[in-house]
Visitor: 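First the structure, which I've put down as structure tokens, then a few questions once you've had a look.
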Amino acid sequence: MPTGRAARAFWLDSPGHGEIRDVDLPNPAEDEVLVRALFSGVSRGTETLVFRGGVPESQHTAMRAPFQEGDFPGPVKYGYLSVGVVEEGPQALIGRTVFCLYPHQTRYVVPASAVTPLPESVPASRAVLAGTVETAVNALWDAAPLIGDRIAVVGAGMVGASVAALLARFPAVRVQLVDANPARADLARALGIEFALPADAVGGCDLVVHASATEAGLARSLELLAPEGTVLELSWYGDRQVSLPLGEAFHSRRLVVRSSQVGTVSPARSSRRTYADRLALALELLADPALDALITGACAFDELPEAMVALAAGETQALCHLVRYDADTEPVRNNAG
């Protein structure tokens, strides 16, 4: 039943064209919360693929976001990196700053169980990275790196840089962030990680995490492995076909290519960790201010339709693109309550 409680949401009307639509919100039920958005983040790789209509039909179900409305290729309301303040709901949550896997929308009503309060040490703007850091956590559960490993991360986008930043905390691990864009050296420096162009990357790796979403990056990842090494594939190619070089020394060196995907908790931890545990860990890890380097672009919510066009066309080279819902919300501190 309409309540007159107004909100606005970003919708992909058709591939390549987004718009802001009015939304009428329901009254929250006893076990629900009303959240006023402060920030959301555009996950550049996945969301620009959705924006251009590149989700294969076979993956329409697997690619659904938790609170998605509509269907691919459109009209669809898509997104999953939202941070806001609880305005109504259970007393313990009112006034708390929370993360939610919700699309780009000014206000929304969700089950109270769908929001996670931010730690006091994590500012609201940085918390939009929670979904990306959660992907990195899941990837490292899959990869199971060992002390002293030699590791390369190929692709210095949001996910690759997050993985490298977490790997840098492992004892005695050599981590190199590899990207074809020399400007990403500044990002690596901000994260305290060694950087190399693909041709200069150091080989003999026990593990290579591939996140460049390019055929050349995947081929180079295999070249960087030591015998019996593993490539953990994090790239999402959508409807694109890629060739994998399985000739030459692939078999004689007993190399492994393994997939990882955040849609399920890694089998290495699924019997002991829930989705909520994984997200809470990601938020805890976001206490590191160095991760602010992953937020490299911003716009107001009303500017999002034009910003998405620029991001999808490659005109804006942001890693995580921050969407602001109220110019007066920064700085935002979290009430630990």
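Everything numeric in this text was worked out from a predicted model, so none of it was measured.
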Visitor: Please verify the inter-ring angle class for F10 with F51; under 30° counts as parallel, over 60° as perpendicular, anything in between as tilted.
Guide: parallel
Visitor: Which distance, rounded to the nearest 0.5 Å, do you find between the CG of L191 and the CG of L294?
Guide: 5.5 Å
Visitor: Once you round to the nearest 0.5 Å, how far does OG of S260 lie from CG of L234?
Guide: 5.0 Å
Visitor: If we only count heavy atoms from C-beta on, is the I151 to P145 side-chain gap below 4.5 Å?
Guide: yes
Visitor: Just by modelled atom types, is the L319 backbone N or O under 3.5 Å from a matching donor or acceptor in the T296 side chain?
Guide: yes
Visitor: Under a single-linkage definition using a 4.5 Å side-chain heavy-atom cutoff for Ile, Leu, Val, Met, Phe, Trp and Tyr, are F195 and F170 assigned to the same hydrophobic cluster?
Guide: no
Visitor: Going only through I, L, V, M, F, W and Y residues with side-chain contacts under 4.5 Å, is there a path from V262 to L232?
Guide: no
Visitor: Return the minimal non-hydrogen interatomic distance between A127 and L118, and the atom names on each side.
Guide: CB-CD2, 3.3 Å
Visitor: Please find the pair of heavy atoms, one from A165 and one from L291, that lie closest to each other, and give the distance.
Guide: CB-CD2, 3.9 Å
Visitor: Please answer whether the main-chain N or O of F250 pairs with a side-chain N or O of R254 as donor and acceptor at a distance below 3.5 Å.
Guide: no
Visitor: Determine yes or no for a side-chain-to-main-chain donor-acceptor pair under 3.5 angstrom, with E303 supplying the side chain and C299 the backbone.
Guide: no
Visitor: Check whether D206 reaches the backbone of R150 with its side chain - one donor and one acceptor, N or O, closer than 3.5 Å.
Guide: yes
Visitor: Check for me, please, whether V242 and L224 land in the same ILVMFWY cluster - side-chain distances under 4.5 Å, paths through other members count.
Guide: yes
Visitor: State whether R174 and E194 are salt-bridged, where the test is any N-O pair (Lys NZ or Arg NE/NH1/NH2 against Asp/Glu carboxylate O) under 4.0 Å.
Guide: no
Visitor: Contact between M63 and T46 at the side-chain level, heavy atoms closer than 4.5 Å - yes or no?
Guide: yes
Visitor: In the structure I gave you, are the side-chain heavy atoms of F39 and V323 within less than 4.5 Å of one another anywhere?
Guide: no
Visitor: In terms of hydrophobic clustering (I, L, V, M, F, W, Y; side-chain heavy atoms under 4.5 Å; direct or indirect links), are L246 and V154 co-clustered?
Guide: yes
Visitor: Please indicate whether E284 has more than 12 foreign heavy atoms, meaning atoms of other residues, nucleotides or ligands, lying under 6.0 Å from its CD.
Guide: no
Visitor: Between V128 and L322, is any pair of side-chain heavy atoms under 4.5 Å apart?
Guide: yes
Visitor: Closest approach of D179 and A156, non-hydrogen atoms and distance?
Guide: OD2-N, 2.7 Å
Visitor: Quick one: CD on E223 to CG on L218, what's the gap to the nearest 0.5 Å?
Guide: 10.5 Å
Visitor: Name the residue from D142, T135, L140 that meets the side-chain contact (heavy atoms from CB on, under 4.5 Å) definition with N138.
Guide: D142
Visitor: With a 4.5 Å cut-off on side-chain heavy atoms, are V98 and V83 touching?
Guide: no
Visitor: Any donor-acceptor pair under 3.5 Å linking the side chain of E233 with the backbone of R258?
Guide: no
Visitor: Rounded at 0.5 Å granularity, tell me how far OH in Y102 sits from CZ in R107.
Guide: 13.0 Å
Visitor: F67 versus K77: any side-chain heavy-atom pair under 4.5 Å?
Guide: no
Visitor: With no hydrogens and no angle check, is any side-chain donor or acceptor of S14 less than 3.5 Å from a backbone partner on H17?
Guide: no
Visitor: With sequence neighbours left out, which residue pairs that include part of residues 54-66 fulfil the side-chain hydrogen bond (donor to acceptor under 3.5 Å, both in side chains) condition?
Guide: R64-D71
Visitor: Could you check whether D13 pairs with R21 (Lys NZ or Arg NE/NH1/NH2 to Asp/Glu carboxylate O, under 4.0 Å)?
Guide: yes
Visitor: Please determine if R8 and D22 form a salt bridge, counting it only when a charged side-chain N lies under 4.0 Å from a carboxylate O.
Guide: no
Visitor: I want to check something: taking the side chain as every heavy atom from C-beta on, are Y325 and L38 in contact at a cut-off of under 4.5 Å?
Guide: no
Visitor: Taking C-beta and beyond as the side chain, do R278 and R273 meet within less than 4.5 Å on heavy atoms?
Guide: no
Visitor: From L279 CG over to T116 OG1, what is the distance, rounded to the nearest 0.5 angstrom?
Guide: 4.0 Å
Visitor: Please round to the nearest 0.5 Å and tell me the distance separating atom CD of Q105 and atom CH2 of W11.
Guide: 9.5 Å
Visitor: With distance as the sole test, does Q68 use its side chain to make a donor-acceptor pair with the main-chain N or O of G70 at under 3.5 Å?
Guide: yes
Visitor: Tell me whether V175 is reachable from L285 by hopping between hydrophobic residues (I, L, V, M, F, W, Y) whose side-chain heavy atoms are closer than 4.5 Å.
Guide: yes
Visitor: Would you say S235's side chain and A213's backbone share a donor-acceptor pair under 3.5 angstrom?
Guide: yes
Visitor: Sub-3.5 Å donor-acceptor pair from the side chain of R126 to the main-chain atoms of L286, do we have one?
Guide: yes
